[in-house]
Chemist: 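Structure below; questions to follow.
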Amino acid sequence: MAYIIGCILVIIASIIVALIMRKRIYDQVDRNEEWKLDILNRDIASQLSRIKRLNLSGETQEKFETWKERWEQIVSKELSDIDGLLFDAEEAADRYRFPTAKKLLKSIEKTLQSIEEDIQNMLDELEELLESEETSRKEMEELQPHIKNARKKLAQNRYQYGKAEVRFEVAIDDLEEKLATYNELVASGNYMEARQVVEELKEDVAELDKQLDRFPELYKACKHELPTQLDDLYHGLREMKEGGYHIEHLGFEKEIHDYQRRLLDAVNALDKADMATAQSVIAETEERIEDMYQILEQEAIAKGFVETKLPNYRSMLEELDNDFQETKAEVDVLKNSYYLEDEDMEEYITLEKAIDQLKTQLRELLENIDVTPHSESREILENGFQQLEELQKRHETFKKGIDMLRKDELEAKESIQDMKKQIRRLHRRLNKSNIPGVPMFIWNMMEDAVEKNDRVLALLEKQPLDINEVQQALAEAQTAVANISEQTETILEQAYLTERVIQYANRYRSQNATLANKLAESERLFRSFEYELALEKAAHALEEVEPGALKRIEAHVEETG
């Protein structure tokens with residue numbers, strides 16, 4: 001029983017599926033039928049008939065016949081065949097032959113799509129042809145006046161075009177021939193070819209207008225303006241030469257003649273309507289004329305500079321040379337008394353050579369002033385001024401160095417005298433002090449300082465004087481005097497402070513035997529000139545019985561001086 005029910009359900013399901021698939025095919029048949037009717041009802045013939053407003057001949061006639069035949073084939077043959085195929089597809093669906101029905105529908109859709117594409121191509125070609133005709137007609141209406149105006153402009157300004165007038169006339173004739181060709185193509189219905197002619201004519205007319213506008217300017221520049229400028233420049237050169245300018249080296253006269261010849265060649269090129277050559281020559285000539293004027297202007301400025309600055313330069317160089325001669329004489333004297341460092345002598349020789357070179361350079365400049373270009377003379381002077389300024393600074397520095405030799409000698413002698421006085425003052429102070437005696441190392445240091453001073457004096461008497469050696473010996477002497485001064489002050493302070501500490505500690509002496517013994521040892525050291533040890537012993541003993549006493553004593557000593 002279950003098996004029977006299952007079979008029944010399968011049969012029912014199969015019937016439902018078959019009915020659904022048949023319904024879908026019916027729907028596709030209906031859609032394709034509507035598509036076919038839509039194509040059939042389009043007013044394609046009316047659209048194609050728009051071409052009849054053109055000349056139906058030649059290419060246009062061929063296109064119209066082709067489109068007409070194709071539309072008739074679509075209506076009478078292809079759409080009619082689609083009717084039969086739609087019926088066959090519907091019949092196959094009725095018989096549940098779905099694969100056959102789908103195949104037929106696919107073929108129908110492919111045919112309809114192809115028809116749509118063909119119709120669109122026909123309409124596109126039609127629109128292109130109509131637009132091309134309209135565009136060409138309007139553009140030709142604009143171009144014709146341009147051609148007439150070009151001939152009129154040429155006729156009214158013949159003198160501005162020279163011999164090239166004939167060539168421009170021929171160019172205008174060519175444009176009119178293309179215009180006639182266009183009219184012939186339109187009359188014969190060849191609108192696409194006519195469009196190409198219009199495009200060419202547009203470019204030619206634009207180029208001709210450009211040449212007619214540009215040519216007079218180029219012709220005038222080559223024929224009149226630039227030759228006149230070159231003539232003026234040539235006369236200016238002659239006047240400058242007569243005025244004392246040395247400009248022969250520039251070779252401008254030959255250049256001017258070359259450019260005049262090239263301008264004549266450019267005029268010949270323009271007579272043949274060769275504007276490119278003329279433009280190149282004009283640009284180069286204009287640029288070179290401007291360059292030559294700038295160079296001549298710089299030469300004029302240089303002449304004024306040389307005439308104004310040369311006397312001043314000569315005077316400055318003579319002044320420097322005179323100053324150096326004085327320095328030279330001074331050096332000759334100093335070499336007998338002082339030892340000059342190698343670096344100083346090298347600088348001295350370098351200065352002498354540099355000044356001699358500038359003198360030689362000036363002499364040559366003056367000898368050739370009548371033939372040397374002023375720009376070259378100016379450069380020599382400018383470099384000379386820079387070198388003069390540098391040499392003046394170096395000379396001043398060198399003179400200061402020489403002056404320092406004598407100054408250092410005098411300062412060294414003054415220092416020796418001061419140190420001698422300082423040693424004598426220290427000696428008297430030691431002798432007048434109340435200390436038991438002076439330690440031997442103090443006398444030794446004082447003797448060493450005296451010897452170092454005597455060595456400085458000996459070096460100062462030496463000929464030639466080596467100031468560097470003197471200064472080194474002087475520094476050693478100053479150090480020795482400073483040391484003896486410091487040690488003397490230290491000894492006197494220690495001795496004085498030792499006496500004060502012992503005096504202060506005596507108040508505890510009778511009460512403290514240990515303190516008494518230490519003070520006695522300190523006094524022994526004091527009498528033996530051992531002031532530092534004596535102070536140390538006494539201070540230590542006092543601090544044991546009265547801490548802080550030493551600081552109070554030191555403070556009191558500082559206050560009382």
Side-chain angles (χ1 to χ4, degrees), residues 407-461 467 469-509 515-516 518-543 546 548-561:
K407 182 180 178 182
D408 290 344
E409 179 187 4
L410 294 175
E411 289 180 352
K413 289 181 177 179
E414 290 178 1
S415 295
I416 288 299
Q417 295 301 321
D418 291 341
M419 287 189 292
K420 281 185 175 181
K421 292 178 182 179
Q422 188 174 357
I423 292 173
R424 286 196 294 270
R425 285 197 299 270
L426 292 173
H427 196 279
R428 286 196 301 270
R429 186 176 178 187
L430 287 171
N431 289 332
K432 290 181 180 181
S433 66
N434 293 323
I435 61 176
V438 178
M440 185 56 64
F441 77 89
I442 293 293
W443 297 122
N444 292 337
M445 290 179 67
M446 192 171 293
E447 184 179 352
D448 180 63
V450 171
E451 290 177 357
K452 283 182 168 56
N453 281 350
D454 291 341
R455 182 171 181 274
V456 174
L457 288 173
L459 291 173
L460 286 170
E461 297 298 326
I467 196 64
E469 188 177 6
V470 169
Q471 289 178 335
Q472 182 177 355
L474 180 63
E476 293 176 359
Q478 288 172 335
T479 301
V481 171
N483 289 336
I484 184 59
S485 178
E486 180 181 357
Q487 288 297 322
T488 299
E489 290 294 331
T490 301
I491 289 297
L492 292 176
E493 288 177 3
Q494 288 173 345
Y496 180 70
L497 188 58
T498 301
E499 289 179 338
R500 296 300 303 274
V501 170
I502 291 174
Q503 290 174 3
Y504 187 88
N506 282 337
R507 66 183 65 183
Y508 300 108
R509 197 165 193 166
L515 174 65
K518 290 182 178 180
L519 290 178
E521 177 64 17
S522 175
E523 289 172 347
R524 186 189 66 77
L525 291 171
F526 183 81
R527 286 190 297 273
S528 301
F529 318 148
E530 298 287 344
Y531 302 112
E532 184 177 0
L533 291 175
L535 176 61
E536 183 180 343
K537 283 283 185 181
H540 182 70
L542 178 60
E543 284 293 318
E546 185 180 340
L550 179 63
K551 288 186 177 180
R552 290 194 294 273
I553 294 171
E554 288 176 344
H556 179 71
V557 169
E558 290 179 1
E559 290 177 1
T560 57

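Everything numeric here is computed off the predicted structure, so don't read it as measured data. Here, residue 1 is the first one in the sequence, and each next residue gets the next number.
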Chemist: Nearest heavy-atom pair of Gly548 and Glu543: which atoms, and what distance?
Modeler: N-OE1, 2.9 Å

Chemist: Can you measure from CE (Met419) to OG (Ser485) and round to the nearest 0.5 angstrom?
Modeler: 12.5 Å

Chemist: Side chains of Thr498 and Glu532, heavy atoms from C-beta outward: is any pair under 4.5 Å?
Modeler: no

Chemist: Mind listing the closest non-hydrogen atom pair of Ala495 and Phe526 along with its distance?
Modeler: O-CE1, 3.5 Å

Chemist: Between Ile442 and Ile491, is there a side-chain heavy-atom distance shorter than 4.5 Å?
Modeler: yes

Chemist: Would you give the length of the straight line joining atom CG of Leu430 to atom CD1 of Ile435, rounded to the nearest 0.5 angstrom?
Modeler: 6.0 Å

Chemist: State plainly whether the residues Glu499 and Arg527 are in salt-bridge range, i.e. N to O under 4.0 Å.
Modeler: no

Chemist: Looking only at heavy atoms, what is the nearest atom pair of Ala538 and Ser522, with distance?
Modeler: CB-OG, 3.4 Å

Chemist: Which distance, rounded to the nearest 0.5 Å, do you find between the CG of Leu426 and the CD of Gln487?
Modeler: 11.5 Å

Chemist: Counting only heavy atoms not in Glu536, do more than 12 fall under 6.0 Å of its CD?
Modeler: no

Chemist: Which heavy atom of Gly437 sits nearest a heavy atom of Pro439, and at what distance?
Modeler: O-CD, 3.9 Å

Chemist: Lys452 and Glu476: which non-hydrogen atoms are nearest, and at how many Å?
Modeler: CD-O, 3.5 Å

Chemist: Where do Arg455 and Ala473 come nearest, in terms of heavy atoms and distance?
Modeler: NH1-CB, 3.0 Å

Chemist: Is Lys518 close to Lys537 at the side-chain level, that is, under 4.5 Å between some pair of heavy atoms?
Modeler: no

Chemist: Just checking, is any N or O donor in the side chain of Arg428 or Asn431 under 3.5 Å from an acceptor N or O on the other one?
Modeler: no

Chemist: With a 4.5 Å limit on heavy-atom distance, are the side chains of Tyr531 and Glu493 in contact?
Modeler: no

Chemist: Quick one: does Arg524's side chain get under 4.5 Å of Glu521's, heavy atoms only?
Modeler: yes

Chemist: Students often mix this up, so state it plainly: with edges at 30° and 60°, are the rings of His427 and Trp443 parallel, tilted or perpendicular?
Modeler: tilted

Chemist: Within the 4.5 Å heavy-atom criterion, are Phe529 and Met440 side-chain neighbours or not?
Modeler: no

Chemist: Is there a side-chain contact between Asn453 and Val481 (heavy atoms, below 4.5 Å)?
Modeler: yes

Chemist: I need the Ile502 CD1 to Leu542 CG distance, nearest 0.5 Å.
Modeler: 10.5 Å

Chemist: Roughly how far apart are Arg500 CZ and Tyr496 OH, rounded to 0.5 Å?
Modeler: 4.5 Å

Chemist: Any chance you could measure Gln478, atom CD, to Gln422, atom CD, to the nearest 0.5 Å?
Modeler: 10.0 Å

Chemist: Looking just at side-chain N and O atoms, do Tyr504 and Glu546 make a donor-acceptor pair shorter than 3.5 Å?
Modeler: yes

Chemist: Is there side-chain contact between Leu525 and Leu535, with at least one heavy-atom pair below 4.5 Å?
Modeler: no

Chemist: Taking Asp448 for the side chain and Asn444 for the main chain, is one N or O donor matched with an acceptor at less than 3.5 Å?
Modeler: no

